[in-house]
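Take a look at the structure set out below.
Every chain is numbered from 1 and lettered A, B, ... according to where its sequence line falls, protein lines coming before strand lines. Remember, it's a predicted structure, so these values are computed and weren't measured experimentally. Just the heavy atoms: all of them, side chains too, but no hydrogens, waters or symmetry mates, feed the values below.
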2 protein chains.
Amino acid sequence: MADSAALDPVDLEILRLLQNDARTTYRDLAAMVGIAPSTCLDRVARLRRTGVILGHELRVDPGRLGRPLQALLLVQVRPHRKELIGPFVERIREIPESRALFHLTGPDDYLVQVAVADMADLQRLVLEEFTSRREVARVETRLIFQQWECGPLLPPGTAPG
Amino acid sequence: MADSAALDPVDLEILRLLQNDARTTYRDLAAMVGIAPSTCLDRVARLRRTGVILGHELRVDPGRLGRPLQALLLVQVRPHRKELIGPFVERIREIPESRALFHLTGPDDYLVQVAVADMADLQRLVLEEFTSRREVARVETRLIFQQWECGPLLPPGTAPG
DNA sequence: GCTGAAATACAGCGTAT
DNA sequence: ATACGCTGTATTTCAGC
């Protein structure tokens, strides 16, 4: 785990294409960036080894899994001490409704993205898993009307497209 | 494009395993859920066709791409009319720093997750892309200390693990 | 949903630049 | 040091049942 060499334009193009479709074969990828498939394999392996590529994720439609309603919960944890927030974070991550969890600056300590079946389910979740916890001082619930993906992540100064 | 049949326990197990590691081979996946590889391929293909599986995404480390600082921007758009929010959403999605965009209920209309190089970059982004826009009435910036992934998304009532 | 075979892709290695 | 082409192996895919 030593190499943290700068990414060259070929690496960046590979990352851009793989972020478009992570299942692109090395053969196709190689053709698109203009190198040999074996070289392409080497490049991607190196990107994985050096931690630029963290992994491959499956995107699933929450609605099709019976969770059509999503919300963000802004949570104040008081007192905000290590002994309390460790178990809090662990518990939130275990909840089946949780999709993402952030520790933030600002008036709210945590933001939790949840996917639920309906309003009753959301109410149950907030009451049973959040406001009933000693260390949770306040929960603010904001429903998600719609969400969008954004373009591929690239280094600053890289012309998109 | 007709089938929206209920997912059986085998489908759910496949989804759970693929959410753990989207690169699991059909051979391994089949062995783990107890069906033949070809059947497993059929199942996954059907899940893709019917829209349960939306796609395969590459997870990349923003820090390794020169964007170690992340923030959430809470944005009020005034007036909140269709003619204004369409272009706003399109522009935000085009910004290289944007990672995710939500349209919300509550006092803030949009939440934008961004990844930037440093504080100066974040300040520039807020001033040039947000507060300088006519329709943006207010932007509240909250830095992300840390973020966590949560468990796989499964239907309500499914025992996790 | 399974079996088995054909097509394809991957991963390692030797060589050349 | 990086890229390439070749080759054995593993995986994916497609018939037929």
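Relative orientation of the B:Tyr110 and B:Phe88 rings is tilted, given thresholds of 30° and 60° on the angle between their planes.
Under a cut-off of 6.0 angstrom, the local environment of CE in A:Met32 is crowded, with over 12 non-hydrogen atoms contributed by other residues, nucleotides or ligands. Within 6.0 Å of the CD atom in A:Gln123, the count of heavy atoms belonging to other residues, nucleotides or ligands does not exceed 12. More than 12 heavy atoms of other shown residues, nucleotides or ligands fall within 6.0 angstrom of atom CZ in A:Arg142. Counted within 6.0 Å of CZ on A:Arg99, heavy atoms from surrounding residues, nucleotides or ligands total more than 12; the atom is thus considered enclosed.
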**Q.** Full working for side-chain hydrogen bond (donor to acceptor under 3.5 Å, both in side chains) between A:Gln19 and B:Glu57
**A.** CA-CA 6 Å; A:Gln19 282 180 82; B:Glu57 201 177 309; over 6 Å; no
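A donor-acceptor distance shorter than 3.5 angstrom exists from the side chain of B:Thr50 to the backbone of B:Arg46, with no hydrogens or angles considered. Between the side chain of A:Asp8 and the main chain of A:Val10, a donor-acceptor pair closer than 3.5 Å is present.
Atom C1' of nucleotide D:dT12 and atom CG of B:Asp28 are separated by 13 Å, given to the nearest angstrom. Distance, A:His56 NE2 to C:dC10 P: 11 Å, rounded to whole Å. One atom, OH of A:Tyr26, and another, P of D:dT12, lie 12 Å apart when rounded to the nearest Å. If you take CG of A:Leu29 and C1' of C:dC10, they are 13 Å apart, rounded to a whole angstrom. What separates CZ of A:Arg27 from P of D:dG5 is a distance of 14 Å, to the nearest Å. Atom-to-atom, CZ of A:Arg23 to C1' of D:dT11 comes out at 12 Å; the value is rounded to the nearest Å.
Residues of residues 34-44 of chain B having a heavy atom closer than 4.0 Å to DNA chain C, listed by number: B:Ile35, B:Ala36, B:Ser38, B:Thr39, B:Arg43.
One end of the helix from C:dG1-D:dC17 to C:dT17-D:dA1 points its axis 30° away from the other end's axis, with each axis taken from 5 pairs and the angle rounded to 10°.
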